[in-house]
Amino acid sequence: SVYLEGPLDLKSKPSIAVRGIHLNGWPLNYPYAFRSWKEADWKRFVDIAWTQRVNLLYLWPFMEIIPVPLSVDDRAYLEEVQRVVDYAKNKRGMEVWIMQSANRIATSDCGIRDPRFRTYWVNNCQKDMNPADPAQFERILKSFDAFYSLVNNADGFCMIDSDPGGWPQSPLSEQVKIFKAARKLLDQHSLSGSRTKLVNWMWLGWGRHKFFTSDDAVVAAYDWTEKNPDEDDVAFMEKTIRNFKQNLAEPWELISGMPKYLEAAKSESALNKTVYLPYGAIESEPAFPLTNLGLESVSKVFEKAAEYPELRGVMGNNQLMLLQFPRTYYFYATAWNSAYRTRKQEDMLRDLGDQLYPDNKDLIAEAFLELRDTEPKKISATLDRVNKLISDGDAGHAGPLGRYLFPDHLSVVRNLKLQLEIRLARQALLKGVRNKSGVQEASKLVEDYFDKLLGWNKETGWDKMIDITIWTAPIYESDKEFVEAMSGLKKIIGQDAPYTSYAQIDAFFDANSRTLLRKYGQSSVMIGCIEPMKLTIIQGQ
C-alpha cells in the first residue's frame, strides 16, 4: 500500500499561478497523436499533466471538422469530450478552456465517419465563413450552437484569430460580432452561463492579411506573406484589446501567442487577463517525431515571462506528448519554481527519471542523453541495457508520472529504444564514412540507417505526412557533422576520383531503394530518405 509517515508539514507555492498545457498537431498513429486518443487515454493524459502541476487544460476538439447537423458518431465524440472536461475539472481540479476557430466550419465529413481520423484542412470539407455575409454568419452560429449545447461544462472557449480561420481584410468589429454571438449562445447553453469565459488567442491577427489571388479568381483565404505594412504588430494587438474592452462583456481573457504581444497586453493594462503561450518552445508542429533535448528554448520563455510580473500565466504546447517529457517536465517544474530554470539538463533528466521509473532513473537519464551522443559504442551499451529492461518487462516501481503512462507502463522505454536505434545507425554511418569505408560497406550503413528511420516513420505514422511536410527539414537530423560526412560519402562513391558524377551517386542508391521499397512506401523511401540524401551529397564540397 502507498503510505506516508507523519507528521508532515509541507508547503509549496507556485512562482506562476496559472500553468496551462495545449495539444496541437497532425493525425499520426496511436498513441503518438492526441487525435487518435479515446476517453481513457485522455483521462491518463490529464493525470500526467496533473502530476506536473498543470492547472489549465486547453483542449481542441476540432469542431471545425464536424458538420451540422451532427451525425451519431460526431455526437458521441463530443459527448466524450464533455466527459473529459468533467474529469479534468472535478477529479483533477483544473480550469478547462476549449479551443475553436472563429469562423472555420465543416461543410462535410470528408467521407470519414470517425472525427478522430477525419482529414483536415481540405477544400470542400472545411471552409472559412465571412461574418459580414448574413447567410455565412448564420452557418457559423449553427456550428457554435451544436458545439456549445454538448460541450457545455468548460470554463472558457478560446477563438484563435486566424490559422485556422480568419477573414482577409475583415474589420475588428466583425471579430467582436462573432464573440458577442458566442457570448449569447454560451449564456444559453453553458452550465456556468454568463460566468463562462471567452478568450482570444492573439496569433496572426484578425483580418490583417490579404486575399490570395490567381490568374482567374480571388480566393477567400489568407496570403500570410502580405500583412498591412503600415501597421505594427504590437499596435494592431493593442487595438484588438481595446476593441474587446469597449465592446465585449466580461468575462474575457487573452492568450499571447508571441512574446511581442505581451507588450500590447502591458500597455493596455491586460496582463492580469493574459496567458503567455510561446508556441513551439517545447515542440514545433508539424515536426519529425523526435524527443527534443536542450533547455534553452524553454528557459527563454521564463526569462521573458519574468519581465511581466503581472502576467496571469504561461502555457506550453505538445504535438507528441509521449515523446516530449524532458522539455515538458522542465517547463512545468520551472513554472512552479522559478529557481528550477537553472537546473542542468543532466540533473533535470535524473529528476524526470525518478518521476517515471525511480528504480531505473539513472538509466532513463542516460538513455535520453544518448539520443544526442556521437559515439556508437556508448549508444550501443546504453541500448543494450534498455533492451534488457524491455525484455524483462519490469521497470520497477512506477513513479508519480510513470503510473499514468499509456498505452502501458513501458511506453517511454520503448520509444527510447527505437530512437536510440536510429541514433546508433546514424552515428555508425558517420563513423564509417570518416574511416573511409569501401563502397559496399558504406551502402550497407546507409541502408541500415534508412531502415531504422523508415521503421520509426511507420510506427509513428510519419510516413503519412511525407508528402505534405517536405517544406520542413529532412527526416534525418542534418547538422554540421552530417553535412561533412556527406562530403566524405561523395568521395567514397567516386572512389576518390577528382569528380563524382550524378550517375555514380544514383547507382549507389539504386540497390538501397530497391531493398527498402519492398518494406516501405514510395514516398517515404524516395521523398523522405533517398532524394534528400542524394541532394546533400551532390551539394557537398
Side-chain angles (χ1 to χ4, degrees), residues 2 20-63 65-66 70-99 112-118 120 147 150-155 191 283 289 316-325 328-329 332 352 355-357 390 393-395 397-416 418 459-461:
V2 177
I21 191 166
H22 174 55
L23 293 183
N24 199 336
W26 295 76
L28 303 184
N29 288 348
Y30 179 85
Y32 300 97
F34 70 93
R35 288 200 59 218
S36 64
W37 295 350
K38 293 198 174 181
E39 186 173 343
D41 304 311
W42 273 106
K43 289 179 177 178
R44 294 295 75 77
F45 163 72
V46 170
D47 293 335
I48 288 170
W50 171 72
T51 67
Q52 298 180 87
R53 297 188 173 106
V54 169
N55 61 358
L56 171 61
L57 175 63
Y58 185 28
L59 179 64
W60 191 8
F62 278 84
M63 185 61 196
I65 65 172
I66 298 176
L70 299 175
S71 69
V72 172
D73 293 270
D74 289 339
R75 178 176 290 274
Y77 167 75
L78 290 175
E79 288 171 348
E80 185 175 287
V81 172
Q82 201 263 7
R83 293 193 295 272
V84 171
V85 172
D86 179 74
Y87 184 84
K89 289 181 62 173
N90 296 316
K91 296 296 184 182
R92 295 308 186 200
M94 295 179 180
E95 182 174 354
V96 181
W97 291 355
I98 300 293
M99 178 182 164
I112 300 172
R113 291 179 56 183
D114 190 336
R116 293 177 187 82
F117 306 104
R118 192 167 294 156
Y120 69 97
F147 190 24
L150 284 177
V151 185
N152 61 354
N153 56 340
D155 299 288
L191 297 180
E283 179 183 23
N317 74 285
N318 280 175
Q319 175 187 224
L320 300 164
M321 182 275 296
L322 291 171
L323 297 180
Q324 300 306 340
F325 282 118
T328 304
Y329 178 79
Y332 294 106
L352 173 59
Q355 292 284 308
L356 290 164
Y357 309 105
I390 293 171
D394 182 12
H397 294 91
L401 197 160
R403 61 186 170 146
Y404 296 117
L405 291 176
F406 64 93
D408 60 71
H409 72 291
L410 287 176
S411 59
V412 171
V413 183
R414 279 200 309 278
N415 288 330
L416 280 168
L418 294 171
E459 162 74 15
T460 60

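Starting from 1, each residue takes its place in the sequence as its number.
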- Query: Which atoms form the tightest heavy-atom contact between Met94 and Val46, and what is the distance?
  - Reply: CE-O, 3.5 Å
- Stepwise side chain to side chain contact (heavy atoms under 4.5 Å, CB included) test for Val81 and Met63: CA-CA 11 Å; Val81 172; Met63 185 61 196; over 6 Å; no
- Message: side chain to side chain contact (heavy atoms under 4.5 Å, CB included), that's the test. Do Asn55 and Glu95 meet it? Break it down for me.
- Response: CA-CA 6 Å; Asn55 61 358; Glu95 182 174 354; over 6 Å; no
- Task: Would you verify whether the NZ or CZ of Arg118 falls within 45 degrees of the ring axis of Phe62 while also being under 6.0 Å from that six-membered ring's centre?
- Result: no
- Please examine the side chains of Leu78 and Val151, heavy atoms only from C-beta on, and report whether any two atoms are closer than 4.5 Å. yes
- Can a salt bridge be assigned to the pair Arg44 and Asp41 using a cut-off of 4.0 Å between side-chain N and carboxylate O? no
- Query: Do Gln52 and Ile21 come close enough that some side-chain heavy atom pair is under 4.5 Å?
  - Reply: no
- Query: What are the two closest heavy atoms between Thr460 and Tyr32, and how far apart are they?
  - Reply: CA-CD1, 3.7 Å
- Task: Kindly compute the distance separating CH2 (Trp60) from CG (Leu23), expressed to the nearest 0.5 Å.
- Result: 11.5 Å
- Message: Run Arg116 and Glu80 through salt bridge (charged side-chain N to carboxylate O under 4.0 Å, His left out) and show every step you take.
- Response: CA-CA 12 Å; Arg116 293 177 187 82; Glu80 185 175 287; 2.7 Å; yes
- Message: Please check if the number of heavy atoms outside Arg83 that lie under 6.0 Å from its CZ is greater than 12.
- Response: yes
- Just jot down the ring pair (Phe, Tyr, Trp, His ring centres under 6.0 Å) partners of His409, sequence neighbours excluded, or say none. none
- Measuring from Asn318:CG to Thr328:OG1, what's the distance to the nearest 0.5 Å? 4.0 Å
- Give a yes or no on whether the backbone of Ser411 and the side-chain of Asn415 come within a donor-acceptor separation of less than 3.5 Å. yes
- The reported gap from CD in Glu459 to CG in Leu28 (rounded to nearest 0.5 angstrom) is 11.0 Å
- Query: Looking at Gly316 and Tyr332, what are the two nearest heavy atoms and their distance?
  - Reply: N-OH, 3.4 Å
- Task: Might you work through the side chain to side chain contact (heavy atoms under 4.5 Å, CB included) test for Ile48 and Leu401, ending with a clear yes or no?
- Result: CA-CA 6 Å; Ile48 288 170; Leu401 197 160; 4.2 Å; yes
- Message: Let me confirm one number: the CG-CG distance from Leu323 to Leu416, rounded to the nearest 0.5 Å.
- Response: 9.0 Å
- Message: I want to check something: taking the side chain as every heavy atom from C-beta on, are Asp47 and Tyr87 in contact at a cut-off of under 4.5 Å?
- Response: yes
- Task: Please name all residues satisfying ring pair (Phe, Tyr, Trp, His ring centres under 6.0 Å) with Phe45, sequence neighbours left out, ordered by chain then number.
- Result: Trp37, Trp42
- When every non-hydrogen atom of Gln319 is compared with those of Glu283, the smallest separation belongs to N-OE1, 2.7 Å
- Message: Whether the side chain of Asn152 engages the backbone of Leu191 through a donor-acceptor N/O pair (distance < 3.5 Å, no angle test) should be reported.
- Response: no
- Donor-acceptor under 3.5 Å (Tyr77 side chain, Pro61 main chain): yes
- Message: Minimum heavy-atom separation for Asn153 and Gln82, please, with both atom names.
- Response: ND2-O, 2.9 Å
- To the nearest 0.5 Å, tell me how far Glu79 CD sits from Asp74 CG. 11.0 Å
- Message: Restricting to non-hydrogen atoms, name the atom on Val54 and the atom on Leu56 that form the minimum distance, rounded to 0.1 Å.
- Response: CG1-O, 3.5 Å
- Quick one: pull up OH in Tyr58 and CD1 in Ile98 and give me the separation to the nearest 0.5 Å. 9.5 Å
- Item | Test salt bridge (charged side-chain N to carboxylate O under 4.0 Å, His left out) applied to Asp155 - qualifying residues, sequence neighbours left out | Lys89
